[in-house]
Amino acid sequence: MKEYNFREIEQKWHQNWVANKTYKVTEDESRKKFYVLNMFPYPSGAGLHVGHPLGYIASDIYARFKRLQGYNVLNPMGYDAYGLPAEQYAIQTGQHPEVTTFANIDRYREQLDKIGFCFDWDREVRTCALGYYHWTQWAFQKMFQSCFSLTPLTPSPKGEGEMLGGKARPIADLVAYFEQNGTEGLEQYGVACSEELNFTAEEWKAMDEKQKSDVLMNYRIAFLGETMVNWCPQLGTVLANDEVVDGVSVRGGFPVEQKKMRQWCLRVSAYAQRLLDGLNTIQWSDSIKETQKNWIGRSEGTEVLIKTTEGAEFTIFTTRADTMFGVTFFVLAPESELVEQVTTADQKAEVEKYLSYVKSRTERERMIDHTVTGVFSGAYGINPITGDKCPIYIAEYVLAGYGTGAIMAVPAHDSRDYAFAKHFDLPIVPLVEGADVSEESYDAKEGIVTNSPAEGKVAVEYDGESLCLNGKTIKEAIAETKRFVKAHNLGRVKVNYRLRDAIFSRQRYWGEPFPVYYKNGIPTMIPEECLPIELPAVEKFLPTETGEPPLGNATKWAWDEANKKIVDNALIDNKTVFPIELYTMPGFAGSSAYYLRYMDPQNNEALISEKCADYWQNVDLYVGGSEHATGHLIYSRFWNKFLVDLGVSKKEEPFQKLVNQGMIQGRSNFVYRIKDTNTFVSLGLKDQYDTTPIHVDVNIVKNDVLDTDAFKAWRPEYATAEFVLEDGKYVCGWAIEKMSKSMFNVVNPDMIVENYGADTLRLYEMFLGPVEQSKPWDTNGIDGCFRFLKKFWALYWGKDDQLQVTDSEPTADNMKTLHKLIKKVSADIEAFSYNTSIPAFMVATSELAQQKCTSKKVLEPLAVLIAPFAPHIAEELWEAMGHTTSVCDAQWPELDEKYLVESTVKVGVQFCGKVRFTMEFAADATSQQMIDQVMAAEESQRYLQDKQVVKTIAVPGRIVNIVVK
RNA sequence: GCCCAGAUGGUGGAAUUGGUAGACACGAGGGACUUAAAAUCCCUUGGCCAUAACGGCCGUACGGGUUCGAGUCCCGUUCCGGGCACCA
């Protein structure tokens, strides 16, 4: 029989695919499109390990399957090429990050090519390529030139249907509005802003350029904002919220502090509602939708205006409007501007002391340490519902960044307020029937409201009406209070989101430069036709001595406005030549719209052409890790929605279906050295000695048995190692850990491909378990898949290297095996459960081998079925069977149920719910026929003896159960 | 604290969605072929009891429940993983 020479086969087909451009994709209106995408990798210096290709293989199978079904499949790949590691390497070595990045990309490409993916490499994108980041810069400028409002600021000519949740509009519309009305009446349009401003049309017209620029910044979607940012001193840059976990940076784990800085931001918060609503229209896992919902954090509540006895006023936000009668104090956030307005003269010293204490605490300390602290402001607020005067406190448990930075405290029904009240000995007034608040607060949102108002008391009257909530459920009480507050103008119903605007600038070198220059302090866009603005060369990649970002080292980084070009810094005169922005964009800038660029990667006129956008629409299947849930997957959705508003992107949601592949963990091996010796003891005997476990390279261990010679050669200090063996073998211990160099548990795909071939690797990665599940890599099982491919190969080859595929008619058994497989595999791929298809292939292969099937009518479709999983072997067999075109262009075999119809079925016969034996029934037997047959059967008699039949249950084709007593 | 997902042999994992639990693979044990090794093939492999043979009982983290019948549905508990977290 002809040997399965995978090395020869795979090399042959790699060359063939390149030569024939087998995976080239073009827009083809005559065929339905299907867009499969993987999260593109950051090309790190370590290269790919066996975990990386998991998602690529899964989506490659899907892409190949869809192509076989006749779809025009887009399955591209590229590189998220800007990033910290390359920059840090550059700082250490002076090597330009582009050099290391390109070297890493080449290595990635080489590794990827070995695995046989059907990527169309002509569509490759790199975020650091000029032709690519052109459009990142362009999108930023469009965001700068846009504001966001719920309804159009100009009457729309056709009264077009408005997008629920608002959309981006030209900032010019807002300027026109200001010219006419100032800010008057603006609130009814729902314009997203950093803070609410008030001016008249005259005041607007009287403003100078700088003032107008500052006002508009308040509304732009990409804006320069003075905000609290996550500053990481060790990294020398600010970070977005999703880049900080537990007060330290995700990359490097360095402490992060809060700092007020002027930074570029994206008004992601404006899209909060659309981001939330969109989740209902996409096929993502519940857990990731949940994560995004939490991150967006919508809460519906009420804002109420509170006046102080001193005449100041502030607004509080509450989701529990029903508890207005239980308010016993108010609390302001220490960072809030209200503190200054409210604090009385005689409490000023105390308050200042407290504020400096709060300032001294780091974000991390505040997060971990929840002890009750606070100070009395000296002022009292008047509860507009009850008329009661309650003290106003300042305390760090109230956050400035959420709601209005001020709350009403209801200690009876909020655990935080409760702790505060206990500490400062403030009254606690319960409002829910049966609630016991002597030990803790009653936070639950269920129960009947009482004590609102208390017996014998009457709430404040407005227009002859006063609020009474007694006897209502909490839900009803909330609704009633909202109505009352609104009706009497005491406040308004308000929705708040936890989602913050994204900080969009970084103090780094290796990122997209901003196409912005500063014209006498006014940030100004470099004209669109002058884009892209190329990242300038610098000598050093560190910040400058004066603390400016690395781009401050660039000598040619000034904008000549008249000549529209970049010139030497020396020419800056702030009349015609101006300095350019020194910040660069963050990592998520380039990765937010890359899926669109794949549709039309070479286009220099636009991000994508209208034609390509219309054809490819959005990603049908997106595969990637769930760790991007609150980062990339939010930013991308935001960015896409903005581009939809611009008319560039065609679908509200960029990724219709999302599959999160699990992480591949490492399986480490250990040897046990007897203390103070160079002798190693096998796992089973180690307890007899005093040993230290030592990580050993998993590549010199097979099935947990150490190759002792390889071990001696591994490191010089082990050259003289001695072993205490069990059964003549050295057995290693093992543990599941992260795959990393330091644990010597990294398994490289190249090695697997070298030893077993790409097809075996692909099969085995899928066989390991569900794609979505995290699991340890264990090379041990791979032999099973390799053996299977050899058996599969053997189906086609007879003696003397001759193909044994004949034109003979297939038997009924042959067809049954084939169609069972078609049914199973088609359903599995569609459901992304490849791990169960491979066993199906194994079973079918051994069945066909047993049947001695040689019929072309079976073996041809079989080769097509395996093509998505093991494309090389499929191509080889396809060619051997006389085809001159690629198996990729074959037709996915159609299922014919008629081969699966059984004349008889085997059914378990139960007595009293327990299966006692199996019986054959006619496939179309009715329940009654089955029961009759069971009753008459000889086997049944022992269970029926002396007993009475109580009940009979039969499901045709499934089960018969006789209950006896 | 709140929300989400999960727990099945020595191991990775199947189970037509309420109908013969443990497919398939690894590992282990036994055997065949071979001078030998590799490769290949065959048998056994959840636990306990039993046997010349048939067979029986227990078993899907734990405790209850619904049902003729539960790995699957419901209630409670434990453990592991993920998200959010002074968000009012």
Side-chain angles (χ1 to χ4, degrees), chain A residues 1 3 245 285-299 301-302 316-321 323 331 333 366-367 369-372 395-399 401-410 413-417 419-420 443 496-500 626-627 629-630 660 662 667 703-705 734 763-764 767-770 772-785 787-788 790-791 794 823-824 827 833 835-843 846 906-918 950-955 957-964:
Chain A
M1 190 200 72
E3 194 199 346
V245 170
S285 74
D286 288 342
S287 65
I288 209 147
K289 283 189 191 178
E290 195 65 29
T291 301
Q292 291 212 342
K293 267 184 206 163
N294 285 341
W295 189 257
I296 296 165
R298 179 191 156 104
S299 74
T302 316
I316 56 101
F317 175 75
T318 180
T319 53
R320 290 294 301 275
T323 58
V331 189
R366 265 177 95 161
M367 222 140 62
D369 173 25
H370 285 183
T371 37
V372 177
E396 60 177 340
Y397 84 89
V398 173
L399 306 176
Y402 185 77
T404 58
I407 61 154
M408 63 179 210
V410 186
H413 301 290
D414 183 287
S415 56
R416 295 151 304 175
D417 297 346
F420 194 86
D443 290 16
N496 266 324
Y497 300 92
R498 204 196 70 97
L499 185 68
R500 294 277 90 95
S626 58
E627 67 272 19
T630 55
N660 297 114
R667 188 177 187 278
N703 293 340
D704 290 337
V705 175
W734 59 272
L763 242 41
Y764 187 57
F767 181 73
L768 221 44
E772 287 97 331
Q773 198 170 299
S774 285
K775 59 224 159 217
W777 178 266
D778 183 355
T779 309
N780 289 345
I782 200 166
D783 284 329
C785 288
R787 276 179 208 139
F788 157 67
K790 282 194 279 194
K791 287 178 199 167
K823 187 172 182 175
K824 174 80 179 141
S833 47
N835 56 320
T836 59
S837 319
I838 290 156
F841 273 112
M842 291 175 177
V843 171
S846 61
K906 265 194 178 171
V907 167
V909 177
Q910 300 179 351
F911 281 88
C912 298
K914 268 206 169 21
V915 176
R916 305 294 169 171
F917 54 88
T918 57
V950 178
K951 198 172 182 180
T952 55
I953 302 110
V955 181
R958 283 289 175 82
I959 206 83
V960 182
N961 188 10
I962 314 290
V963 184
V964 292

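Numbered from 1 within each chain, the chains take letters A, B, ... in sequence-line order.
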Once you apply a heavy-atom cut-off of 4.0 Å, does [X] come out as touching a base, just sugar-phosphate, or nothing?
X        : result
A/Asn496 : nothing
A/Arg498 : base
A/Asn780 : sugar-phosphate
A/Lys823 : nothing
A/Val950 : nothing
A/Ser287 : sugar-phosphate

Do the rings of A/Phe788 and A/Phe841 sit parallel, tilted or perpendicular, given the 30° and 60° boundaries? tilted
How many whole angstroms separate atom NZ of A/Lys790 from atom P of B/U40? 4 Å
[X] side chain: which of [options] is closest?
X        : options             : result
A/Glu290 : B/C4, B/C84, B/G19  : B/C4
A/Gln773 : B/A88, B/G13, B/G19 : B/G13
A/Lys906 : B/G19, B/C41, B/U20 : B/U20

Let me know, please, whether A/Lys791 or A/Asp414 comes out on the 5' side of the other along RNA chain B by nearest nucleotide. A/Lys791
